[in-house]
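Per chain, numbering begins at 1; letters A, B, ... match sequence-line order.
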There are 2 protein chains.
Amino acid sequence: MAHIPSMTDTSFNAVMNLLRARDVIEERIAGELASVHGLMLKEAMLLMHLEGAPLGRLTRVELAKRLHSSASTVTRMATPMEKLGLVSRQSDDRDARLAFVVLTKAGQIKITEARATLAKQADDLFQDRWQEGEIEALSGLLARLVAGAPGRLA
Amino acid sequence: MAHIPSMTDTSFNAVMNLLRARDVIEERIAGELASVHGLMLKEAMLLMHLEGAPLGRLTRVELAKRLHSSASTVTRMATPMEKLGLVSRQSDDRDARLAFVVLTKAGQIKITEARATLAKQADDLFQDRWQEGEIEALSGLLARLVAGAPGRLA
DNA sequence: TCATAGTGCTTGCAATCGGAAGTACTATGG
DNA sequence: CCATAGTACTTCCGATTGCAAGCACTATGA
């Protein structure tokens with residue numbers, strides 16, 4: 001029933017483990033982020049991208065690229081976040097097509113709090129029998145794997 | 001605008017890199033899998049789980065656990081795959097509640113082909129400046145991170 | 001035995017997503 | 001100047017998802 005092993009198994013297994021790891025970690029993180037801060041994971045990601053951007057703002061298409069989602073999704077994400085006061089809308093004088101999503105003070109506070117929760121969750125993940133160097137190695141290998149692709153934070 | 005660094009940054013960055021890596025890799029893989037084999041990534045995962053299961057079959061709830069999705073999703077995934085002949089439905093004599101999803105011969109062929117494509121894609125991902133040992137290290141660290149969680153393949 | 005609790009599956013419902021189409025605006029090149 | 005092409009955003013539509021509810025069946029224990 002099992003397939004025949006081959007040279008490509010190492011890469012294949014690495015990819016499978018990566019897919020699974022994301023599922024497991026996202027399950028673990030998303031619940032607490034929602035209950036504690038009322039944020040979906042990707043909403044937190046949106047805020048973090050704004051946080052690191054010049055003037056704390058990005059266009060919707062740029063956010064879509066970084067979040068690996070469509071422009072329509074970003075539009076629909078931003079609307080309720082505006083109503084909550086986490087972001088605001090700002091148009092550009094030079095180009096009337098642009099509608100920046102801008103991080104507000106309330107959004108800054110919210111993402112700072114949410115990041116603390118995320119950092120704590122991340123620490124918990126590596127709490128048992130992980131050494132600092134191992135975590136750095138994992139992080140570095142992952143970063144290298146997706147080097148050049150859009151969406152990097154920090 | 002950037003947050004204050006702390007001891008937890010290593011874990012945090014590793015988690016962020018993991019989330020991003022999954023996005024990038026899934027984008028890259030899903031398209032080819034769909035165009036070449038007409039399969040969504042999670043459909044391929046479903047078939048692979050069946051492939052490794054005793055008698056080539058699993059109940060819907062067990063599949064849901066392994067795929068990190070809900071039972072209703074598995075039900076709705078299985079229906080069109082039955083019509084394509086990739087899986088069939090089989091009830092249990094001992095327990096009339098159980099409705100196994102069974103891998104058919106056509107499903108076996110399909111997943112064998114799809115796995116070859118996946119393996120090739122995985123190889124491409126690591127093609128440039130990756131050594132076998134580094135890929136194994138990444139795979140091992142990821143496996144260790146999610147040890148004990150459901151959904152492991154092979 | 002038989003009421004109660006638990007499990008497996010399906011369906012209804014609301015929420016979410018991506019792509020296509022539409023609108024508005026900007027850039028390009030004669 | 002102006003036609004054409006390209007970009008940014010929004011909205012509509014179909015598809016997908018999880019949760020809650022419902023149904024059918026099994027296990028428990030008095």
Side-chain angles (χ1 to χ4, degrees), chain A residues 22-24 26-31 33-35 38-46 49-50 53 57-84 87-102 150-151, chain B residues 22-24 26-31 33-35 38-46 49-50 53 57-84 87-102 150-151:
Chain A
R22 159 87 189 224
D23 283 338
V24 171
E26 189 165 342
E27 277 178 4
R28 185 163 167 164
I29 283 180
L33 202 60
S35 60
L39 285 177
M40 292 187 298
L41 179 55
K42 66 186 155 183
E43 288 176 328
M45 301 283 286
L46 186 151
H49 280 291
L50 292 181
R57 66 180 201 180
L58 289 169
T59 66
R60 280 151 167 77
V61 289
E62 181 60 28
L63 274 170
K65 284 179 198 164
R66 300 195 184 194
L67 296 172
H68 299 283
S69 66
S70 68
S72 54
T73 296
V74 173
T75 290
R76 281 178 300 227
M77 283 177 63
T79 302
M81 294 176 76
E82 280 184 35
K83 290 179 182 169
L84 290 173
V87 299
S88 63
R89 190 193 183 89
Q90 187 180 82
S91 51
D92 190 329
D93 294 336
R94 314 294 184 118
D95 190 337
R97 292 171 303 180
L98 302 182
F100 289 100
V101 181
V102 191
Chain B
R22 159 87 189 224
D23 283 337
V24 171
E26 191 166 341
E27 277 178 3
R28 186 161 166 166
I29 283 180
L33 201 60
S35 62
L39 285 177
M40 292 186 300
L41 179 56
K42 66 187 158 183
E43 287 176 327
M45 301 285 285
L46 185 151
H49 280 292
L50 293 182
R57 66 180 203 181
L58 288 169
T59 66
R60 280 150 167 77
V61 290
E62 180 60 27
L63 274 171
K65 285 179 198 163
R66 300 195 184 194
L67 296 172
H68 299 282
S69 66
S70 68
S72 54
T73 296
V74 174
T75 290
R76 282 179 294 230
M77 282 176 66
T79 301
M81 294 176 77
E82 279 184 35
K83 291 179 181 170
L84 290 173
V87 299
S88 63
R89 190 192 182 90
Q90 187 179 81
S91 51
D92 189 330
D93 294 336
R94 314 293 183 120
D95 189 337
R97 292 171 302 181
L98 272 48
F100 289 101
V101 181
V102 192

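When the P atom of C:dG8 is taken as reference, atom CZ of B:Arg57 falls 14 Å away, rounded to whole Å. Look at CG on A:Asp92: it is 10 Å from P on C:dT26, rounded to the nearest Å. In this structure, B:Leu63 atom CG and C:dT10 atom P are separated by 12 Å, rounded to whole Å. The distance from atom CG of B:Leu67 to atom P of D:dT16 is 16 Å, rounded to the nearest whole Å.
The distance from the CE atom of A:Met45 to the CG atom of A:Leu63 is 11.5 Å, given to the nearest 0.5 Å. The structure places CG of B:Leu50 at 9.0 Å from CZ of B:Arg66, a figure rounded to the nearest 0.5 Å.
Salt bridge status for B:Arg97 with B:Asp95: present, with a side-chain N to carboxylate O gap under 4.0 Å.
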Intermediate values then yes/no, side chain to side chain contact (heavy atoms under 4.5 Å, CB included), A:Asp23 and B:Arg22
CA-CA 9 Å; A:Asp23 283 338; B:Arg22 159 87 189 224; 3.4 Å; yes
When you look at B:Leu46 and B:Met81, which way does the side chain to side chain contact (heavy atoms under 4.5 Å, CB included) test go after all the steps?
CA-CA 10 Å; B:Leu46 185 151; B:Met81 294 176 77; 4.1 Å; yes
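Closest-nucleotide positions on DNA chain C for A:Ala96 and A:Ser70 were compared, and the one nearer the 5' end corresponds to A:Ser70. Residues A:Met40 and A:Arg94 both approach DNA chain C. Their nearest nucleotides, taken by heavy-atom distance, put A:Met40 toward the 5′ side.
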Treat primed atoms plus P, OP1 and OP2 as sugar-phosphate and everything else as base, then score nucleotides 6-14 of chain D 5' to 3': B for base contact with protein heavy atoms under 4.0 Å, S for sugar-phosphate contact only, - for none.
BBSSBBBB-
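Residues satisfying the side-chain hydrogen bond (donor to acceptor under 3.5 Å, both in side chains) test with B:Arg60, not counting sequence neighbours, are none.
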